[in-house]
Peer 1: 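Let me give you the structure first, and then I'll get to my questions.
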Amino acid sequence: MTVRTRFAPSPTGFLHIGGVRTALFNYLFAKKHGGQFVLRIDDTDASRNVVEALAPILHGFKWLGLNWDEGPEVDGPYAPYYQSQRNPKYQSAVDQLLASGHAYKDYAKAEELAADRELAGKEKRDNIYDRRFMAVSDADCDRFESEGRTATIRLKMPREGKCVFVDHVRGSVSVDWAREQDSVIQRPDGSFIYHLATVVDDEHFQISHVIRAEEHLPNTARQIFMIDALGYKRPEYAHIPFVAEPGSKVKLSKRKLEKYLKNRDFKKLNDHGVSIMEKLGESPDSQLFNPVITDFFERAGFLPDALVNYLLLLGWSLDDKTEFLNRDEMVEHFSLERVVKAAASFDPLKLDAFQQHYMNELDLKKKVAMCLPFLQKANYVATPPPCDISDYVQSIVIAAGDRIQIAGDILDFDDFFVDDQKLIFDEKAFGKRILKPEDALELLRGLREKLSGIEQFDIKTTEVVVKSFVEERGIKIGQIINALRVAVTGKGVGFGTFDTLAILGRDRCLNRIDLAIARAESAG
RNA sequence: GGCCCCUUCGUCUAGUGGUCUAGGACUCCGGCCUUUCACGCCGGCAACACGGGUUCGAACCCCGUAGGGGUCACCA
């Protein structure tokens, strides 16, 4: 048997990380068994602009490296992969169900059904439709229609016995047929309900394993009913737990951003991304730019490998110690049996830790290539970039080391890209390191003279000169070096001061020291 | 409320009757390093939801209880 799995996104305009994890499990399972991973588009809601809303989702999958074997853009033997284009298949399935007596025309009105529901609620019992508007003959149809009623097509579910199926995550699952509602599969306007469409598509696409989030578990019995009634082959099921909110077991939703921002860790992650956007002069819609949506991670400069690895371990583990797996290892080791049964909450800090790990492993050239677009967007580097800029950026990336946790962090080092005159001094740092210490200005003047005499203005030489200056004056290095950092970068924090001096070069350093001295003099 | 599912450190998890005074990772808290910040290094806090069984022996098996969650649509 060929293993075929599918993920069926609705064109909503963004890719939810919970969805990504479900897709990832589908992808890995198919690849592990040498099968295919299919992308099917659930675009039955015609009111949306599919093309526009689908693009970011497909883009997200590509960015993450979750390449689909069949689906939009690549097509495949079972095309079309858009549900909106598959109506004839659904119609013939409904006709078949009607003909075999597994479905019926129902003429109940929405408000009558709502009243039933309310009554059942009051009486604290299941709400099972009593079929009082079920048409059993053409005469019934005529009578109901003459009353102004319209027909939906409902499943005629069994009222006794059990539906039993095996789930790869949950084991044997059993539900009483009597508790299953006669669900609608076709609306009066002829459009089809998800349950019918998914069953028909899974059959036609030859899907062998349905791997989906556990909120679909209660839907499974009615789908199995249709599968059996239509003479289809039952796929194997695996209902994986959903991704939960940070610090809770409630399903993560893209609509509860405000609540999540009250979580310290989530806010920290969010703010990190937002601050990068601000430095780029962008102000993205917070509903579309937040850590529940994959776009956030791409735009802020995360590594797809970090997100994927993190998501894999959210609800799955290889053993008691393995944390990092590359794509090949994921494919090799993935198994549904090791999926954890309980929902796992999204932990922004742990994702950060994975990002840090992968960033540290990243090849220097790639790191520079990732940072460059941010500098271009911020107008620190021209587009196309000048040919010597890579070396310059590289020297900064090397000096910054792991301070660049995500690519957008390169913007923290904007002082290397602005003109001396436009350098902004951080007030707090300037006060603490230059204004407040009594000897800071005098030391800075003295060191400036020393630095101006250096011909070979590199890390080594500047270090030797500064250290001999420190010795001459009998001071501690911290007394001058912090003032020096603020003078040349405007900031109180940054990487090694000698690296900084060397990258800026002698003239820019002297220039900036002069500016800082002048600024201090006018302030005092 | 009915039905279904879940329950090991704050979080992600390992654990399938003795090797568990419960292991790893992230976070957190100390300390070291130091030129600020970050990194790194060393150390520490921290969990089997509860109650009954079964058994020589239970985090692991059974039954209850509690808590949490999902779902009950002419959404997917």
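Every chain is numbered from 1 and lettered A, B, ... according to where its sequence line falls, protein lines coming before strand lines.
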Peer 1: Roughly how far, to the nearest 0.5 Å, is the CZ atom of A:Arg21 from the CG atom of A:Asn26?
Peer 2: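 The CZ atom of A:Arg21 is 11.5 Å from CG of A:Asn26, to the nearest 0.5 Å.
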
Peer 1: Encode nucleotides 58-76 of chain B as B, S and - characters from 5' to 3', where the letter depends on protein heavy atoms closer than 4.0 Å: B to the base, S only to sugar-phosphate, - to neither.
Peer 2: ----------SSSS-SBSB

Peer 1: Just how far, in rounded Å, is C1' of B:rU13 from OH of A:Tyr310?
Peer 2: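 Answer to the nearest Å: 12 Å.
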
Peer 1: Does the ring of A:Phe133 carry A:Arg131 above it, NZ/CZ under 6.0 angstrom from centre and within 45° of its axis?
Peer 2: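 Here A:Arg131 fails the 6.0 Å and 45° test against A:Phe133.
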
Peer 1: What string of B, S and - do you get for nucleotides 20-31 of chain B, 5' to 3', when a contact is any protein heavy atom under 4.0 Å?
Peer 2: ---BBBSS----

Peer 1: B:rC33 and B:rG40: how far apart are their C1' atoms, nearest whole angstrom?
Peer 2: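 Looking at atom C1' only, B:rC33 and B:rG40 are 8 Å apart.
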
Peer 1: State whether the distance check finds a donor on one side and an acceptor on the other, under 3.5 Å, for side chain A:Ser345 versus base B:rU11.
Peer 2: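 There is none.
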
Peer 1: Which is true for A:Val486 with a 4.0 Å heavy-atom rule: it touches a base, it touches only sugar-phosphate, or it touches nothing?
Peer 2: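 Result for A:Val486 = nothing.
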
Peer 1: Taking the C1' atom of each, how far is B:rG15 from B:rA47, in whole Å?
Peer 2: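 13 Å, rounded to whole Å.
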
Peer 1: NA contact type, A:Gly401, heavy-atom cut-off 4.0 Å: base, sugar-phosphate, or nothing?
Peer 2: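 Since no nucleic acid heavy atom lies under 4.0 Å of A:Gly401, the category is nothing.
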
Peer 1: Can you check the distance between B:rA22 and B:rU13, where both ends of the measurement are the C1' atom (answer in whole Å)?
Peer 2: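 Straight-line distance between the two C1' atoms is 13 Å.
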
Peer 1: Taking the six-membered ring where the residue is Trp, are the ring centres of A:His216 and A:Tyr194 under 6.0 Å apart?
Peer 2: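 That pair passes the under 6.0 Å test.
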
Peer 1: Is there, by distance only and without an angle test, a donor paired with an acceptor across the side chain of A:Arg403 and the base of B:rC37 below 3.5 Å?
Peer 2: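 Looking at the base of B:rC37, it does pair with a donor or acceptor on the side chain of A:Arg403 (distance under 3.5 Å).
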
Peer 1: Would you mind reading off the distance between A:Trp177 atom CH2 and B:rC4 atom P, rounded to a whole angstrom?
Peer 2: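 Rounded to whole Å, this separation is 15 Å.
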
Peer 1: Considering only NZ, NE, NH1 and NH2 on the basic side and carboxylate oxygens on the acidic side, decide whether A:Arg40 and A:Asp42 come within less than 4.0 Å.
Peer 2: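 A salt bridge is present here (some side-chain N lies under 4.0 Å from a carboxylate O).
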
Peer 1: Tell me what A:Arg338 touches on the nucleic acid: a base, only sugar-phosphate, or nothing, going by heavy atoms under 4.0 Å.
Peer 2: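 Sugar-phosphate contact only.
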
Peer 1: What integer number of Å spans the C1' atoms of B:rC42 and B:rU35?
Peer 2: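 Nearest-Å result for B:rC42 against B:rU35 at atom C1': 23 Å.
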
Peer 1: Determine, using ring centers only, whether A:Phe346 and A:Tyr260 are less than 6.0 Å apart.
Peer 2: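 No, too far apart.
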
Peer 1: Which base sits across from B:rU55 as a Watson-Crick or G-U pair, both distances under 3.5 Å?
Peer 2: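 Paired with no nucleotide.
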
Peer 1: Can you tell whether the side chains of A:Arg149 and A:Glu112 come within less than 4.0 Å, N to carboxylate O?
Peer 2: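 So A:Arg149 pairs with A:Glu112 through a salt bridge.
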
Peer 1: Does B:rC41 have a Watson-Crick or wobble mate here (both distances under 3.5 Å), and if so which one?
Peer 2: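 Per the H-bond distance test, B:rG31.
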
Peer 1: With a 4.0 Å cut-off on heavy atoms, is A:Phe498 in touch with a base, just the backbone sugar-phosphate, or nothing at all?
Peer 2: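 Base contact.
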
Peer 1: Check this for me: does any side-chain nitrogen of one of A:Asp415 and A:Lys491 sit under 4.0 Å from a carboxylate oxygen of the other?
Peer 2: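 Looking at A:Asp415 and A:Lys491, the cut-off is met.
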
Peer 1: Taking the six-membered ring of A:Phe430 as reference, does the NZ or CZ atom of A:Arg519 fall below 6.0 Å from its centre and within a 45° cone about the axis?
Peer 2: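 Judged by the rule (NZ or CZ under 6.0 Å from the ring centre, within 45° of its axis), A:Arg519 counts as positioned above A:Phe430.
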
Peer 1: Find the partner of B:rU21: check Watson-Crick (N1-N3 plus N6-O4 or O6-N4) and G-U wobble (N1-O2, O6-N3) distances, both under 3.5 Å, and reply none if neither fits.
Peer 2: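 Matched B:rU21 with nothing under the 3.5 Å cut-off.
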
Peer 1: Please tabulate, for side-chain N and O atoms in residues 161-172 of chain A, each donor-acceptor pair with protein atoms closer than 3.5 Å (sequence neighbours left out).
Peer 2:
residue: A:Lys162; atom: NZ; partner: A:Asp176; partner atom: OD1; Å: 2.8
residue: A:Asp167; atom: OD1; partner: A:Val169; partner atom: N; Å: 2.8
residue: A:Asp167; atom: OD1; partner: A:Arg170; partner atom: N; Å: 2.9
residue: A:Asp167; atom: OD1; partner: A:His239; partner atom: N; Å: 3.3
residue: A:Asp167; atom: OD2; partner: A:His239; partner atom: N; Å: 3.0
residue: A:Asp167; atom: OD2; partner: A:His239; partner atom: ND1; Å: 2.7
residue: A:His168; atom: ND1; partner: A:Tyr237; partner atom: O; Å: 3.3
residue: A:His168; atom: NE2; partner: A:Glu236; partner atom: OE1; Å: 3.1
residue: A:Arg170; atom: NE; partner: A:His239; partner atom: O; Å: 3.1
residue: A:Arg170; atom: NH2; partner: A:His239; partner atom: O; Å: 3.4
residue: A:Arg170; atom: NH2; partner: A:Lys341; partner atom: O; Å: 3.2

Peer 1: Answer with base, sugar-phosphate or nothing: what part of the nucleic acid does A:Gly247 contact at a heavy-atom distance below 4.0 Å?
Peer 2: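 Answer is nothing: A:Gly247 stays at 4.0 Å or more from every strand.
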
Peer 1: Determine whether the aromatic ring centres of residues A:Trp316 and A:Phe25 are separated by less than 6.0 angstrom.
Peer 2: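 Distance test on ring centres: not under 6.0 Å, no.
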
Peer 1: Write down the distance separating the P atoms in B:rA14 and B:rG31, rounded off to the nearest Å.
Peer 2: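 To the nearest whole Å, 35 Å.
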
Peer 1: Which whole-number value in Å describes the distance from A:His357 NE2 to B:rG40 C1'?
Peer 2: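 The distance from NE2 of A:His357 to C1' of B:rG40 comes to 16 Å, rounded to the nearest Å.
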
Peer 1: Determine the Euclidean distance between corresponding C1' atoms of B:rA59 and B:rG18; express it in Å to zero decimal places.
Peer 2: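 It comes out at 13 Å once rounded to the nearest Å.
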
Peer 1: May I have the distance from A:Glu180 (atom CD) to B:rG2 (atom C1'), rounded to whole angstrom?
Peer 2: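 From A:Glu180 CD to B:rG2 C1': 12 Å.
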
Peer 1: RNA chain B: A:Val169 or A:Phe495, which has the more 5' nearest nucleotide?
Peer 2: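 Result of the comparison: A:Val169.
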
Peer 1: Assign each of A:Ala400 and A:Arg170 to its nearest nucleotide of RNA chain B by heavy atoms, then name whichever residue's nucleotide is nearer the 5' end.
Peer 2: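 It is A:Arg170, whose closest nucleotide lies nearer the 5' terminus.
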
Peer 1: To the nearest Å, how far apart are A:Glu337 CD and B:rG15 P?
Peer 2: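 Answer to the nearest Å: 13 Å.
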
Peer 1: In whole Å, I'd like the distance from the CD atom of A:Glu463 to the P atom of B:rU35.
Peer 2: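 After rounding, the reported distance stands at 10 Å.
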
Peer 1: Quote, to the nearest angstrom, the C1' distance that separates B:rU27 from B:rU19.
Peer 2: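 Here B:rU27 and B:rU19 have their C1' atoms 30 Å from each other.
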
Peer 1: Rounded to whole angstroms, how far apart are CG on A:Leu313 and C1' on B:rU11?
Peer 2: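 Going from A:Leu313 (CG) to B:rU11 (C1'), I get 13 Å.
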
Peer 1: Applying a 3.5 Å limit to both distances, which nucleotide forms a Watson-Crick or G-U wobble pair with B:rC3?
Peer 2: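 Across any shown strand, B:rC3 pairs with B:rG70.
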
Peer 1: Does any N or O donor sit under 3.5 Å from an N or O acceptor when you compare the side chain of A:Arg485 with the base of B:rU35?
Peer 2: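 Between B:rU35 and A:Arg485, which were checked side chain against base, a qualifying N/O pair under 3.5 Å is present.
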
Peer 1: Which whole-number value in Å describes the distance from A:Lys432 NZ to B:rU35 C1'?
Peer 2: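 These atoms are roughly 12 Å apart.
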
Peer 1: Please name the nucleotide paired to B:rU65 by Watson-Crick or G-U wobble geometry with both distances under 3.5 Å, or report none.
Peer 2: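 When the pairing criteria are applied, B:rA49 turns out to be the nucleotide that pairs with B:rU65.
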
Peer 1: Are A:Arg159 and A:Glu180 ion-paired here, with the side-chain N under 4.0 Å from a carboxylate O?
Peer 2: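 Looking at A:Glu180 together with A:Arg159, the answer is no, because their closest N to O distance does not fall below 4.0 Å.
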
Peer 1: With P as the reference atom in both, quote the distance from B:rG52 to B:rG44 in angstrom, rounded to an integer.
Peer 2: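 That atom pair is separated by 35 Å.
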
Peer 1: For the pair A:Arg473 and A:Glu442, find out whether any cationic side-chain nitrogen is under 4.0 Å from an anionic carboxylate oxygen.
Peer 2: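 Yes, this pair counts.
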
Peer 1: Think A:Ser317 has a side-chain N or O under 4.0 angstrom from the OP1 or OP2 of B:rA14?
Peer 2: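 For A:Ser317, the contact criterion (side-chain N or O under 4.0 Å from OP1 or OP2 of B:rA14) is met.
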
